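Read through the structure below, which is laid out as structure tokens, and then see the notes.
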Amino acid sequence: MSGQQKTIVSIENLEVSFSTDAGAIKAVDRVSLEVAAGEVLAIVGESGSGKTVTAKSILGLLPETATARGAIILSSRDGGGAPGAGSSHNNDVLSLSKKQLRGIRGSDVSMVFQEPSTALNPVYTVGWQIAEGLRAHGKYTRAEAKAKAIDILGRVGIPDPETRVNYYPHQFSGGQKQRVVIAQALVLDPGLIVADEPTTALDVTVQAEILDLLRRCRDEFGTAIVLITHNMGVVADLADRVAVMYQGEVVEQADAVTLFSDPQNDYTKKLLASVPHIGQGALQTVERASARATDWQNATPVVVASGLRIEYPGRFGRGGFVAVDGVDFEIRAGEVLGLVGESGSGKTTIGRAIGGLTRVTGGSLKVLDHEMNGIRERVFKKVRSDIGFVFQDPASSFNPLLTIADCVAEPLVVHGRAGNPREARARVDELLEAVQLPKSYGDRYPHELSGGQRQRASLARAIALEPALLIADEPTSALDVSVQARVLELFAELQREFGFAALFISHDLAVVDLLADRIAVLYKGKLVEEGTGSEVLGSPKHPYTQRLLASLPVPDPVEQASRREALRALRADEARAAGTS
Amino acid sequence: MTATVPAVGAPAPSPTSRPTARRRLPGGGLGRYIVVRFLLIIPTIFILVTLVFFLMRATGDPITAALGGRLSGAQLQERIHAAGYDRPILVQYFEYLGQIVTGNFGTSISDNRPITTILATYGVATLELAFYALIVAFIVGIPLGMLAAYFRDKGQDAVLRVFAILCYATPVFFAGILLKLVFSVWLNVLPVAGRASTSSELEMQFLPNKTGIYLIDAFQTGDPAVISDVLMHAILPAIALGLLTAGVFLRLVRTNVIGTLSTDYVDAARSRGVSEFRLVRKHAYKPALIPIITVIGLQIALLLGGAVLTESTFEWKGLGFQLAQYLAARDFVAVQGIVALLAVIVAVTNFIVDIIAALIDPRVRY
Amino acid sequence: MTNSPTRTKSTPTSTRLPRPARRSLLSRLPVVHQLRQSVGLQRGMLVAGLIITGVFIICAVFAQFIAPYGFAQLRGPDGQFGAQLPPSPEHLWGTTVGGYDVFSRVIWGAQTALEVMIVAIVLSIFLGVFLGLVSGYFGGWLDRILVVLADAIYAFPSLLLAIVMSIVISGGQSNLYGGILAAAISITVVYIPQYFRVIRAETVRIKGEAFVESAKVIGASNARIMVRHVLRNSTRTLPLIFTLNASEAVLTLAGLGFLGFGIEPTAAAEWGYDLNKSLSDVTSGIWWTAVFPGLAIVLSVLGVTLVGESLNDLADPRLRGRRAVAAAAGDVAATSVVPGGTLEAGLGGLSGLEGCGDFDDSGTRTHTDTSHTDTSQPERRQP
């Protein structure tokens, strides 16, 4: 941004250290950043890069275990400054007293949190919580505060704010809650908003709406935004300028267009290269398809679902919750089916049903020629050796008290291929090698491995018995993007080598596109669209798929701008269609 | 108990259930919740009554226990036969259940009084004591707990926590003895024992609308001497029993407030410039109150248990004192009756407390 | 699905778990580990608790060497001790109304308390753990019945239940040395529901963890999953419950003794009984018969509770205090990470610090759960 614009915050040589059980750890190392008025600065980085710590220190919100050095000069919008602060226009956040910090929080800088459902106090109405921020900074009567709360709720797009102001947080949807959180941040009209992963907890279609709202904050309120995110698509969509952090340091700063088109730093290049793009998978799919035998289509499918219905029972005689409602699909031998959907679409439930973890309550689900509806565990146990499962959360998918080798050996021991984990060790070493982990890692405990390494070990365990079918439930969604890229590559490699059929579950269209031969889109428990990657992503037929695809931000500011227009048009069409029908 | 023990009472939540759905109580509406919760107290009472019945009967028949040694064998047999204790145990059990359903808890052997009468006479005294104790517990425990959370890990906090543990570690009867020693014997400012002095009791005895609750009766006499006498008698037992509960409250408020202080919404309020004291007072306190209230339900059981000991220490003529008397007299019919009645009281209080907790939590109300 | 890198990666739970292969046996012992971990006031509380508990155990074990007289001894070389004598060189803490030496009875009382504590805890841990594990793992009707049963017992004044039990076991007249066993069993029955609840809750939680599901998907048998995966992970909280229930056992025993359901003075020394007998002394200003046994109860409970409270604090990352660090101290994140995974923060590295929602997937849930684990134990106890 050009120099004539006023600087809202300038961070100079910030250093932050934490005291942890493992000793002192430096989280932020000599970071210097500036944000101008009305500018969106995105701080990107992977977990542990220090981006959140940097952002929180702007508000002086570091935990007591942290110590900070350097300076954070924050300008006061009304020029009032915190009472007693040396300069009337600028405050150094790090040297303010607790009372002075309270003075600037909310009025000069405010914050939007990652998880809207926890950022609102469940026992007070949203109006009360907004008014509280107002009253902390000046005299407002109850009626004035309420009027202001209604006004701001209306401006962030909450319909019928006069009524909703008296609602409790749980009466709002996730996206609306995030709007309320943004309203709280905006109500005192601060010069700067720090948004910490504001869309990470939201579905992609909701994410697009929140990003629009944040853009409006900048355009209509003139608020500068520090956007903390790991999602390059979000950066491309919203940011004016980008700072890339790695291991506590800022490794590169540039305006958004330049950074995406011409990254300088090696880490930035690698990061950008790791981000999956839609369309990348098309080539591989064609390749795989051509390698298949001609009668492949006629072989018995590994999984056949017809009219599959799964209902979770309600408690105390209350009606149950239908997670999957009349779904038909097939997975043929050696084929990867990608299952895409947002939270609550039933995709995980389907995966669990195939793995025999959730009971099928209606219709038919045939897994390896066994009807799952009403199957007994004793019958299914033999089939289990032909099914591998990779879970979402690498933190909890290994028993913390067993070594990795013991865990990987477990399927071999259970199915009698080895008497005990020691006998299975040779095979375990082979498997670890197959997933590109050093053999010595077998002796480690799960918590001594990183998330990506654990996910690889998880793959090793899943393919230990060379299963005919592998179910991968969001295997990479808990991983950083560069780690994700490596795990996805490994997955593709293993699939090529072992030729198992796979159900790949994900909320990320781009990830699914990368691996899947065919893609199935789930929406509220129903299968709305199914086809090859190019069919579903190239020319989606169902309006939901269209919206899902259009909402996905791409990591390219120029292209994203045009996609944003397309999404706006799509939404307008939908609104019109809803209006006429 | 569903609200008290989410992790225990509920079947394993399926991994797909989202956090928001988790706290919502079954049945959707509050009305339905009340009905379901009310139905749940029936098995609780049933289990306890059954348990107590069979346990007490396992020791033999109550007549022998109470009068064995005082009567000859033949006289005992006669009494046993007359009371029906020689019939099959299941017959006696169903008869007993039938009696309880009609509100008949039996008749004591040693002094031949209906258990329900004993309850009416002494129950109010216990209630009065429990009420005073709860007041002490609230006044001492909750503000101190909030202070401890506010000063967490500082010197003040350490002092308050050790105080809480001391409250917890001191048996009520020992606390009672110490209080008596200091205030009644050494300083001689408060009475040693009893609910009121004889003169006051005489004055209250012939009131037209006698309630049995001495404080109310004392006000009815309109005699300031009687009122102050009754209050003076209540101070030490109330403190002895109240401090025990206060320690529990203090600890509970502290942990829960600290727990809520580390939530996102407190951080969010802090980012709006809300003061630290207000964060404790408003944001952390009310959400922390919900689990605290459910625990208070369990405190009623503790208070009743403590009342037995406090009443014995201070000769406070309530249910607990009476229970100790019957225990000493080996009158197990009376013991069984009082215990069964206490089970009903505990079950019902827990029900009421759960409903109050549900009322405070807007996620249930709407 | 709300799965973001910042939220789902290694939780504090995984970082706190023991690393059996990498640490010495000594530091793996529960209390030693926590002692090293603690700082400041928390360490002070833990150390104070350990010292008091240590003194209590020493008194109990070496009672016959410490106590000048036997617990039932009424006469010395010079004849009868005499009743209600004030403290003197012969009788450090005076004598009781029954003519016993107070100091000796207090010391011997520690032995009784320790014996009852051990028997009660051993019995209730085994039964409670077994029932909790089976009930939580299999669920179904058995589980529901056991839960209702445990809840009913749990909600009932435990002292009254202990009284009923002691009547059943010994007819309410425990004049034999076996009275210790009777008292211990009465206390056991009262506390089984507590162990049951805690272990069941842990089992239900662990059952939902991915590693148990993955064992299920592999086809491991129920017995294998229960022993190998669930049991070993669910016993983490036991040291904590252990200390809390130990103190409750002392209090319940004293309560029983005070009401005359404890152990006769000739069978063993018991603090509650002595307090009961001293009740009438107090009115006449005789303080030594009440104060010393009472203080013994308070101190033994205080010691064990301090240890328990500190363990509880240290087990919860939000309550655990940490040493302050100088600004700009420490290494940069990557060096704390296991080699081979430079980009991902492993261990307790920065992952735990980035973002404040790192405890669970919702703050509300975390706090209610914590309060549950916290409240389930110490709130119920005998006065």
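Lettering of chains follows the sequences in order, A, B, ..., and the numbering in each one begins at 1. The basis for the numbers below is simple: all heavy atoms, side chains too, and nothing from hydrogens, waters or symmetry mates. For clarity, every value in this text was computed on a predicted model and none was experimentally measured.
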Answer with side chain, backbone, both or neither: which region of A:Phe391 has an atom nearer than 4.5 Å to a non-hydrogen atom of chain C? side chain

Going by distance alone, is a donor N or O of one side chain under 3.5 Å from an acceptor N or O of the other, for A:Thr403 and A:Asp443? no

For A:Val383, is it the side chain, the backbone, both or neither that has a heavy atom under 4.5 Å from a heavy atom of chain C? neither

Hey, can you tell me if C:Phe211 and C:His229 have their rings parallel, tilted or perpendicular (30° and 60° cut-offs)? tilted

Just give me the residue among A:Glu410, A:Gln484, A:His415 that pairs up with chain C most often, heavy atom to heavy atom, under 4.5 Å. A:Glu410

Portion of A:Arg461 that has a non-hydrogen atom of chain C nearer than 4.5 angstrom: side chain

In Å and rounded to the nearest 0.5 Å, what is the CD1 to CG distance from A:Ile404 to A:Leu437? 8.0 Å

Heavy-atom proximity to chain A below 4.5 Å, by part of C:Arg228: both

Measure distances from A:Leu402 to the heavy atoms of chain C and classify the residue's part below 4.5 Å as side chain, backbone, both or neither. side chain

Say whether, by atom type as modelled, one donor and one acceptor occur between the side chain of C:Ser310 and the main chain of C:Leu306 under 3.5 angstrom. yes

Verify, without hydrogens or angle tests, whether A:Glu46 (side chain) and A:Ser482 (backbone) share a donor-acceptor contact under 3.5 angstrom. yes

Residue from A:Val414, A:Asn121, A:Leu62 scoring the most non-hydrogen pairs under 4.5 Å with chain C is A:Val414

Is there a donor-acceptor contact under 3.5 Å from the side chain of A:Arg69 to the main chain of A:Glu15? no

